[in-house]
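All remarks here apply to the structure that follows.
The sequence lines fix the lettering, A, B, ..., with proteins before strands; numbering per chain opens at 1.
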Amino acid sequence: MVRDRLIKLLEDSLKACWEKGALKPGEFKGPVEMEFTRDPAFGDYASNLAMVLASVLRDNPRKIAGQLVKNLDDCDGVLEKVEIAGPGFINFFVRDAVWAGYLENVLRLGSGYGKSENGKNRRVQVEFVSANPTGPLHVGHARGAVIGDVVANILKASGCNVFKEYYINDVGNQMNRLGRSVYLRYRELAGDRIDFPEDHYQGRYIYELAGEILDKDGKTHLEKTEEEEIPFFTSYAAESIMNGIREDLKAFGVLFDNYFSERELYKERGVDRLLEKLEKNGFIYREGDTLWFRSTAFGDEKDRVVVRETGEPTYFAADIAYHKNKYERGFDNVIDIWGADHHGYIPRVKAAVQAMGIDPETLRIILVQLVSLSREGKPVPMSTRAGEFVTLREVVDEVGKDAARYNFLMRRSDSHLDFDLELAKKQSNENPVYYVQYAHARIESIIRTARERGMKIPGFGEIDPLQLRIPEEIALIKAITRYPEIVEGGARSLEPHRLTFYLNDLASIFHSYYNKNRVISDDPDMSRARLVLVIAVGIVIRNALGLLGVSAPEKM
RNA sequence: GCGCCCAUAGCUCAGCUGGAUAGAGCGUCGGACUACGAAUCCGAAGGCCCUUGGUUCGAAUCCAAGUGGGCGUACCA
């Protein structure tokens with residue numbers, strides 16, 4: 001990357017300055033910052049190193065900048081010129097030929113352009129969605145699903161060994177309630193008069209499940225008592241709903257490496273043995289019949305119950321065991337993606353991880369703000385239990401996978417998102433995703449035209465890169481250069497939205513260039529050079545959309 | 001009460017972990033197709049970055065207090 005080379009140049013210069021005594025001695029705890037400038041007048045990249053050093057060395061920043069510039073050894077001839085500006089910025093102007101030469105990289109790497117080995121093959125688990133199988137996924141889940149999926153893609157692209165997992169919370173009260181809901185509807189369909197409790201699941205899918213059972217088994221389930229029958233209804237419903245969830249996710253382009261059942265944790269007394277061990281280490285204490293986890297020892301605001309008075313473990317107990325399980329499987333990093341309403345849960349899980357002797361920094365939690373739903377500007381209430389929701393499936397069917405995914409990726413995950421159904425359906429023509437896809441389709445169209453006119457599609461070796469010299473062309477190449485840095489930044493911050501913003505930028509620069517300049521013209525040399533440029537843009541758009549799980553169409 | 005998140009153009013939001021003159025989309029107004037796709041482009045209007053202090057060469061960004069909103073504060077999951 002050009003940026004890396006400039007950083008190296010500046011670091012070497014700093015070393016040289018100190019060796020020669022051109023700068024006062026001092027301690028600089030890197031890293032050297034090198035940023036894109038937003039104004040070409042400030043060059044291509046700028047560094048604030050001199051200003052940072054000024055406070056350490058207690059000297060004039062412009063004077064320091066002067067020494068740094070004087071000792072630059074541009075042995076590769078990357079630089080056009082270097083300027084000192086403002087309070088002490090060092091502005092680097094890169095030679096046009098260097099930019100154009102960069103295209104060679106992009107063309108050679110193709111679909112590999114943007115990938116890196118930064119992750120050093122670290123094993124990373126991303127756990128997301130993990131909705132209880134008590135009903136179909138709704139739009140709220142959809143956001144977490146896309147964010148998790150794309151975070152995984154980005155980490156993969158930056159060289160991590162990624163494992164995607166869905167935690168099935170199939171133990172506990174909610175599940176019993178689900179089973180009982182289906183059981184009651186079954187009796188109702190079988191002709192019994194029932195009084196359906198308000199706090200049970202009201203959705204129509206409950207009737208559908210009950211109907212399936214009635215069709216298959218007839219009235220045989222009326223013979224035994226409710227207590228005896230409910231486990232059957234529970235597991236039938238859970239399995240059926242879980243299958244539906246899998247299919248919906250698949251249609252949304254979200255695939256998991258593993259679905260992990262909470263029940264696994266209880267096998268071979270797993271949870272009990274973990275609690276015993278933690279008790280031995282002093283992290284758990286008894287109060288009457290309840291067991292408490294001492295999370296205050298790690299900064300949580302209060303201790304937490306892990307085993308109730310009744311002797312049943314809490315959800316938290318299972319979650320401690322689950323996180324232990326994750327680390328035992330050898331993951332170096334664990335990423336949990338939760339709804340933002342679970343934020344209060346973070347300290348205790350971090351505490352649990354720490355109590356097991358694991359560095360809590362290796363556990364990262366992404367909070368996804370819940371999606372509020374509206375229809376033509378009016379809020380639509382959503383509750384799984386009341387059966388009022390728009391499902392993920394409906395959104396995918398009506399808005400389309402590409403538009404839906406892109407929509408959920410356009411905001412930072414911790415910022416609130418309002419999803420307007422009518423707008424999402426209607427918007428299909430002005431949806432931002434089409435802006436980017438259109439750029440790609442346009443590029444493909446240019447390539448088709450070139451072929452039709454008998455042009456051979458050139459490789460980088462067949463063009464004169466110096467033909468690409470107008471500001472719009474340099475701007476395009478620079479934007480292309482940024483792409484690997486965007487991926488790297490996205491992987492570091494776990495922020496997929498950076499890619500959508502980048503894509504929007506890139507598409508905008510391209511469209512603008514396209515409107516002002518002809519790619520295929522009477523000038524064969526120029527046509528070849530521009531064709532290569534445009535092909536490179538296409539590669540980047542395709543790769544970036546690939547990470548988002550959005551298609552890059554050749555025609556629209 | 002306590003804790004976490006948020007407050008930036010009329011609306012929806014970016015702002016790359018402290019940088020130079022704060023950006024984009026939508027909306028509004030005005031322009032551009034006899035040439036590679038007008039799902040596009042060009043231009044204009046639009047701002048006390050919630051308020052007040054502090055930290056320093058430099059603050060939308062960090063700290064403190066206040067205001068307004070969301071969420072959490074279970075022996076639910």
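The R411(A) side chain lies nearest to U12(B) when the options are A24(B), U12(B), G15(B). Of the candidates C6(B), C41(B), U73(B), the closest approach to any side-chain atom of D414(A) belongs to C6(B). Among the nucleotides A35(B), C41(B), A14(B), the one closest to any side-chain atom of F501(A) is A14(B). For D341(A), counting side-chain heavy atoms from C-beta on, the closest listed nucleotide (C71(B), A39(B), G19(B)) is C71(B). Checking C75(B), A38(B), A14(B) against the side-chain heavy atoms of R442(A) singles out A38(B) as nearest.
Pairing for U55(B) is absent, with no Watson-Crick or G-U wobble pair whose two atom distances lie under 3.5 Å. A74(B) makes up no base pair with any nucleotide shown, lacking Watson-Crick or G-U wobble contacts both under 3.5 Å.
One atom, CD of E495(A), and another, P of C5(B), lie 14 Å apart when rounded to the nearest Å. As rounded to whole Å, 12 Å separates atom C1' of C36(B) from atom CD1 of I457(A). Summarising the geometry, the separation between OH on Y406(A) and C1' on A39(B) is reported as 14 Å, rounded to the nearest angstrom. The distance between atom CD of E262(A) and atom P of A77(B), rounded to the nearest whole Å, is 8 Å. Rounded to a whole Å, the CZ atom of R518(A) is 20 Å from the P atom of U40(B). Straight-line distance from the CD atom of Q437(A) to the C1' atom of U40(B): 15 Å, rounded to whole Å. When rounded to the nearest whole Å, the span between CE of M410(A) and C1' of C11(B) equals 13 Å. When the C1' atom of G72(B) is taken as reference, atom CH2 of W338(A) falls 13 Å away, rounded to whole Å.
G47(B) and G23(B): their P atoms are spaced 14 Å apart (whole Å). As rounded to the nearest Å, A20(B) and C13(B) have C1' atoms that lie 24 Å from one another. U61(B) sits 13 Å from U8(B) when the P atoms are compared, rounded to a whole Å. Annotation: C2(B) and C49(B) have their P atoms spaced 30 Å apart (nearest Å). Here the separation of C75(B) from G15(B), taken at their C1' atoms, is 45 Å to the nearest Å. With P as the reference atom, A65(B) and G3(B) are 9 Å apart, rounded to whole Å. Comparing the C1' positions of U12(B) and G19(B) gives an interatomic distance of 28 Å, to the nearest angstrom. The same atom, P, is picked in A44(B) and in A24(B); the two are 11 Å apart, to the nearest Å.
For H343(A) against C71(B), a side-chain N or O and a base N or O form a donor-acceptor pair under 3.5 Å. For a distance-only test at 3.5 Å, the side chain of N91(A) qualifies as a donor-acceptor partner of the base of A20(B).
In terms of position along RNA chain B, the nucleotide closest to G489(A) lies nearer the 5' end than the nucleotide closest to the other residue of the pair G489(A) and A450(A). For G86(A) and R482(A), each mapped to the nucleotide of RNA chain B holding its nearest heavy atom, the one lying further toward the 5' end belongs to R482(A).
No more than 12 heavy-atom neighbours from other residues, nucleotides or ligands sit within 6.0 angstrom of CD on E239(A).
At C36(B), none of the side-chain N or O atoms of T449(A) fall inside 4.0 Å of OP1 or OP2 (strictly under the cut-off). Within the structure, a side-chain polar atom (N or O) of H497(A) is placed less than 4.0 Å from OP1 or OP2 of G15(B). Look at S512(A) and you'll find a side-chain N or O under 4.0 angstrom from OP1 or OP2 of C42(B). Close to A39(B), at under 4.0 Å from its OP1 or OP2, lies a side-chain N or O of Y438(A). Between C33(B) and Y514(A), no contact under 4.0 Å exists linking OP1 or OP2 to a side-chain N or O. Proximity of S415(A) to the phosphate of A14(B): a side-chain N or O atom is located under 4.0 Å from OP1 or OP2.
A cation-pi arrangement, defined by a distance under 6.0 Å to the six-membered ring centre and an angle within 45 degrees of its axis, is present between R482(A) and F36(A).
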Next item on the list: Assess whether side-chain contact (heavy atoms from CB on, under 4.5 Å) is satisfied between I446(A) and I520(A), documenting all intermediate values.
Entry: CA-CA 8 Å; I446(A) 295 170; I520(A) 302 166; 3.9 Å; yes
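U17(B): glycosidic angle within 90° of 0, hence syn. C33(B) shows a glycosidic angle within 90° of 0 and is accordingly assigned syn.
Using cut-offs of 30° and 60° for the angle between ring planes, the F501(A) and H497(A) rings count as perpendicular.
The residue A41(A) sits apart from the nucleic acid: no heavy atom pair falls under 4.0 Å.
No option in V69(A), L6(A), D44(A) other than L6(A) meets the side chain to side chain contact (heavy atoms under 4.5 Å, CB included) test with F92(A).
With respect to the salt-bridge test (charged N to carboxylate O, under 4.0 angstrom), the residues E127(A) and K326(A) qualify. In summary, E361(A) and K350(A) do not engage in a salt bridge, as defined by a charged side-chain N under 4.0 Å from a carboxylate O. Ionic pairing of E279(A) and R286(A) is present here: one or more N-O contacts between side-chain nitrogen and carboxylate oxygen are shorter than 4.0 angstrom.
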